[in-house]
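Contents: one structure, followed by commentary.
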Amino acid sequence: MNIDLRVIGITGSSTMLLSDTGIDLTQWKQLLKKEAEPADIDSFVHHLSDNHVFPNKVLVDCTADTSVASHYYNWLKKGIHVITPNKKANSGPLDQYLKLRTLQRASYTHYFYEATVGAGLPIISTLRGLLETGDKILRIEGIFSGTLSYIFNNFEGTRAFSDVVAEAKEAGYTEPDPRDDLSGTDVARKVIILARESGLRLELSDIPVKSLVPETLAACSSADEFMQKLPSFDEDWARQRSDADAADEVLRYVGVVDTVNKRGQVELRRYKRDHPFAQLSGSDNIIAFTTSRYKEQPLIVRGPGAGAEVTAGGVFCDILRLASYLGAPS
């Protein structure tokens, strides 16, 4: 593709590795251990902006950190492009998000964030393509959490809810504390990102979220204590499942952007067994776009929406898109 890509800096929270001409990516881990210096975000950014060998510079933020996201505006102002799977900037305070988008439109510096929703799935780009070609978004509905997708896809037959959660934790699908997934906050962030992308001016606090963490367990001091006490709610879950079974339905945890009524919500819903949302497997995500163009039959994007490899694919796709925007051959 005739693109000369160089990684000239890698930083974590404690150490960083800098190079003027490019780090050898076959041994970056060893180099980071051997030649690293204490991490300092300001000198890291100076190193990038002071480099006059390369005409185009991009910072890729692979953290989930609010303080890193708070720097995007200044980086873009300095002419540094930003690519990220970090949801914090686009789901943070609305005024900061609008400031970022205004700056993005007023300059030739790019800000891409495909991997903030659905990892490597083409969700943001699909939504953008619809909006930019004049389609009107009516509703976006989806299963946005790979973790909760896995849990409800496997909460079948006579299995106990707590067993399925323990299995998901064991397999590495959940956060270290499963309450972070079960609270629905992560899904709400994805809903707010899509709502704002669709033109709605909403704050995260405007989204009603039905948490799956029982009130009495929200106060547990540790993840272990939570996991020990979760089985006491298995009967409630079994009842909800049998009610759904009796109606030939399944339980699914969904996020909804309703652009007609200018609102969003996150909740547990029931769907008929022949509905696309009922036919997921593993930790797949599924997103249905109902628009003026796709009214009778929604446009559906489905596939693995979690995991380092597919997320990295989404981030890398943004890097290649940036290169083509900057004049690389397509």
Side-chain angles (χ1 to χ4, degrees), residues 3-23 28 32 36-117 124-125 128 189-190 192-197 199-205 311-312 314-328:
I3 304 167
D4 182 7
L5 272 180
R6 310 276 182 100
V7 176
I8 63 166
I10 299 171
T11 183
S13 52
S14 53
T15 58
M16 66 182 180
L17 177 65
L18 306 177
S19 160
D20 289 329
T21 52
I23 294 163
W28 69 270
L32 192 57
E37 49 193 277
D40 177 70
I41 196 93
D42 292 331
S43 55
F44 185 77
V45 175
H46 279 308
H47 169 73
L48 190 60
S49 56
D50 292 350
N51 186 307
H52 301 300
V53 180
F54 306 107
N56 301 301
K57 292 133 187 187
V58 55
L59 260 158
V60 182
D61 169 23
C62 291
T63 72
D65 192 271
T66 310
S67 68
V68 176
S70 70
H71 291 287
Y72 294 174
Y73 186 82
N74 289 333
W75 295 343
L76 289 166
K77 247 187 144 154
K78 283 185 167 142
I80 299 171
H81 308 285
V82 176
I83 288 172
T84 188
N86 183 351
K87 290 182 278 288
K88 296 293 163 61
N90 285 15
S91 61
L94 180 65
D95 59 335
Q96 286 175 29
Y97 166 80
L98 293 172
K99 242 175 84 173
L100 257 185
R101 291 305 300 267
T102 307
L103 176 64
Q104 188 191 357
R105 291 201 183 97
S107 70
Y108 287 91
T109 313
H110 301 288
Y111 169 46
F112 292 150
Y113 41 84
E114 181 64 75
T116 53
V117 181
I124 302 280
S125 53
R128 281 235 163 140
R189 286 192 182 279
K190 292 169 184 173
I192 209 85
I193 289 169
L194 294 175
R196 289 173 176 179
E197 203 69 22
L200 299 185
R201 297 192 163 199
L202 295 175
E203 294 282 8
L204 195 55
S205 55
T311 307
V315 170
F316 194 57
C317 186
D318 271 348
I319 292 173
L320 294 179
R321 181 182 305 156
L322 174 64
S324 73
Y325 274 42
L326 298 173

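Reckoned from all heavy atoms, side chains included, excluding hydrogens, waters and symmetry mates.
Side-chain atoms of Glu203 come within 3.5 Å of backbone N or O of Leu94 as a donor-acceptor pair. With hydrogens and angles ignored, the 3.5 Å screen pairs no side-chain donor or acceptor of Lys87 with any backbone N or O of Ala64.
Using a 4.5 Å heavy-atom threshold, the side chains of Met16 and His47 count as separate. Between Cys62 and Val60, the closest side-chain pair of non-hydrogen atoms falls below 4.5 Å.
No option in Thr116, Thr66, Asp61, Asp65 other than Asp61 meets the side chain to side chain donor-acceptor pair (under 3.5 Å) test with Asn86.
Rounding to the nearest 0.5 angstrom, the gap separating the NE2 atom in His110 from the CG atom in Asp318 is 11.5 Å. Atom CG of residue Leu18 and atom NE2 of residue His46 lie 12.5 Å apart, to the nearest 0.5 angstrom. For the atom pair OG1 of Thr109 and NZ of Lys57, the computed distance is 11.5 Å after rounding to the nearest 0.5 Å. Rounded to the nearest 0.5 angstrom, Glu197 CD and Tyr113 OH are separated by 3.5 Å.
Scanning both residues, Ser19 and Ile23, for their nearest heavy atoms gives CB-CG1, 3.7 Å.
For the 3.5 Å distance criterion, the side chains of Tyr111 and Asn90 qualify, holding a donor opposite an acceptor.
Around NZ of Lys78, the count of heavy atoms belonging to other residues, nucleotides or ligands within 6.0 Å exceeds 12. Counting non-hydrogen atoms of neighbouring residues, nucleotides and ligands closer than 6.0 angstrom, the CZ atom of Arg128 exceeds 12 such neighbours. Under a cut-off of 6.0 angstrom, the local environment of OH in Tyr97 is crowded, with over 12 non-hydrogen atoms contributed by other residues, nucleotides or ligands.
When ring centroids are compared, Tyr325 and Phe112 come within the 6.0 Å threshold.
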Query raised in the report: Could you go step by step and tell me if Val117 and Arg189 meet the side chain to side chain contact (heavy atoms under 4.5 Å, CB included) rule?
Result: CA-CA 9 Å; Val117 181; Arg189 286 192 182 279; over 6 Å; no
Could you tabulate the donor-acceptor pairs under 3.5 Å formed by side-chain atoms of residues 5-15, not counting sequence neighbours?
residue	atom	partner	partner atom	Å
Arg6	NE	Asp4	OD1	2.9
Arg6	NE	Asp4	OD2	3.4
Arg6	NH1	Thr21	O	2.7
Arg6	NH2	Asp4	OD2	3.2

